[in-house]
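Everything on this sheet refers to the single structure shown next.
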Amino acid sequence: MKVLIEAGVFPEEQEKLIAALTELRVEHSIWSKEGRPPYKSADNHVFFYGSIATALQLKAVGARFQLWIGEAFDYTYFTAHLEDCLNQEIVALPYGSILREWNKEEIDNDRKDKLFFRSNSGYKKFQGGLYTASEFMGEADRVNLFKEDLIVAAEPQKIEEEYRAVIRSQYDDTSGLWAHRVVTHSSYTGGCALNEAQAKSIEDDLNTATYHPYPLWILDLATCDGRIFQLEANSINTSGLYTCDYVSIVKEILKIEEEEIV
């Protein structure tokens, strides 16, 4: 497997990923999207790591690079399948509907409470988070949301710690069942790492019957009132990896290539 890293998208992760690739003697290249990719587009033994926009551009031109993205990372998709999500009660509306519901005067004068907003699509146009109405509308203007873009809104939740876990989903031909495994994980709020029992509970609690993005993906988690909840799912190609074990991630990608990529 060769690894194509888009320059400057995740600066801290880029440095750690290069160190892991160098340690494991994996061919890799740092690439500025202004130039042509150094690997042939027909080579499906290339794992891309960079921005969502560039990943979609590569997919659009028919590059066979390993891009593990898709509708499984849409908010309304994974919340329909994951049974232990923190935000079970959400509203999903086209941006045009929100514009019709709110007028400028309401936004400036009344809507000061913060709500959780994010793009429904896993191909996010803006960072999900807590926004007042005016903050959200300002962000919508900045990223040029289209009226048909589906936006998710939910009440804010009190989160104590947040975690990022790398999940391996794999189908067992013998049993006919899917299984999930936590490859590595880290806290991205500066707290303690998950313990072994917590990591095992994450594997056991995932709904393997209906939700299994393939083959490697990101699951964000949070503790609320001392309990672990699932927050959201994301593509590993286009997500920050924080203080996860990069060597373990690369080893898993190499194993996937060896066993499952023709």
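The pair Lys158-Asp225 fails the salt-bridge criterion, with no side-chain N (NZ, NE, NH1 or NH2) lying under 4.0 Å from an Asp/Glu carboxylate O. Ion pairing between a basic and an acidic side chain is recognised when a charged N comes within 4.0 Å of a carboxylate O; Glu203 and Arg168 show no such pairing.
The side-chain heavy atoms of Ile151 and Leu93, taken from C-beta on, include no pair separated by under 4.5 Å. The side-chain heavy atoms of Leu177 and Tyr171, taken from C-beta on, include no pair separated by under 4.5 Å. No side-chain heavy atom of Pro156 sits under 4.5 Å from any side-chain heavy atom of Phe116. Between Leu206 and His212, the closest side-chain pair of non-hydrogen atoms is not below 4.5 Å. Taking the side chain as every heavy atom from C-beta outward, Glu162 and Tyr188 approach each other to under 4.5 Å. No side-chain heavy atom of Glu12 sits less than 4.5 Å from a side-chain heavy atom of Leu241. In this structure the side chain of Thr79 never reaches within 4.5 angstrom of the side chain of Asn87, judged on heavy atoms. Within the 4.5 Å cutoff, side-chain heavy atoms of Pro37 are placed close to those of Leu4.
At most 12 non-hydrogen atoms from other residues, nucleotides or ligands lie less than 6.0 angstrom from CD of Glu155. For Glu259, the CD atom counts as densely surrounded, since its 6.0 Å shell holds more than 12 non-hydrogen atoms of other residues, nucleotides or ligands. Residue Glu160 qualifies as enclosed at atom CD: its count of foreign heavy atoms under 6.0 Å is above 12. At most 12 heavy atoms of other shown residues, nucleotides or ligands fall within 6.0 angstrom of atom CD in Glu196. Counted within 6.0 Å of CD on Glu260, heavy atoms from surrounding residues, nucleotides or ligands total more than 12; the atom is thus considered enclosed.
No side-chain donor from either of Glu161 and Thr223 sits under 3.5 Å from a side-chain acceptor of the other. Using modelled atom types, one finds no donor on one side chain facing an acceptor on the other under 3.5 Å when comparing Asn144 with Lys125. In this model, a donor atom of one side chain and an acceptor atom of the other lie less than 3.5 Å apart for Thr132 and Ser134.
The hydrophobic cluster containing Leu82 also contains Leu194, counting ILVMFWY residues as joined when their side-chain heavy atoms lie under 4.5 angstrom apart, directly or transitively. Under the 4.5 Å side-chain heavy-atom criterion for grouping Ile, Leu, Val, Met, Phe, Trp and Tyr, Val183 is connected to Leu24 within one hydrophobic cluster. Hydrophobic clustering keeps Ile228 apart from Ile159 (ILVMFWY residues linked when any side-chain heavy atoms are closer than 4.5 Å, directly or through intermediates). Tyr131 and Val143 end up in the same hydrophobic cluster when Ile, Leu, Val, Met, Phe, Trp and Tyr side chains are linked at under 4.5 Å. Both Ile202 and Phe73 belong to a common hydrophobic cluster when Ile, Leu, Val, Met, Phe, Trp and Tyr are linked at side-chain heavy-atom distances under 4.5 angstrom.
One distance of note links CZ of Arg227 with CG of Leu86; it measures 9.5 Å at 0.5 Å rounding. Distance check, rounded to the nearest 0.5 Å: NZ of Lys255 to CD of Gln170 gives 6.5 Å. Annotation: the span from Glu232 atom CD to Ser239 atom OG amounts to 8.5 Å, rounded to 0.5 Å. Note that CZ of Phe48 and CD1 of Ile69 are 9.0 Å apart. Values are rounded to the nearest 0.5 Å. Distance check: Lys2 NZ to Phe65 CZ gives 9.0 Å after rounding to the nearest 0.5 Å. Atom OG1 of Thr54 is separated from atom CD of Glu6 by 3.5 Å, given to the nearest 0.5 angstrom.
Taking the six-membered ring for Trp and the full ring otherwise, the centers of Phe117 and Phe126 sit at least 6.0 Å from each other. Here the two rings, on Trp217 and Tyr211, have centers that are under 6.0 Å apart.
Cation-pi geometry between Arg164 and Tyr242 is not met: the NZ or CZ atom fails to fall both under 6.0 Å from the ring centre and inside 45° of the normal. Remark: Lys16 is not positioned above the aromatic ring of Phe10, lacking an NZ or CZ atom under 6.0 angstrom from the ring centre and at most 45 degrees off the axis.
When every heavy atom of Tyr49 is checked against every heavy atom of Gly240, the shortest pair comes out as OH-CA, 3.9 Å. The heavy-atom pair separating Arg118 from Lys124 by the smallest distance is NH1-CE, 3.6 Å.
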Stepwise side chain to side chain contact (heavy atoms under 4.5 Å, CB included) check, Val250 with Leu17:
CA-CA 8 Å; Val250 174; Leu17 183 55; 3.8 Å; yes
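Here the side chain of Ser121 pairs a donor or acceptor atom with the backbone of Tyr123 at under 3.5 angstrom.
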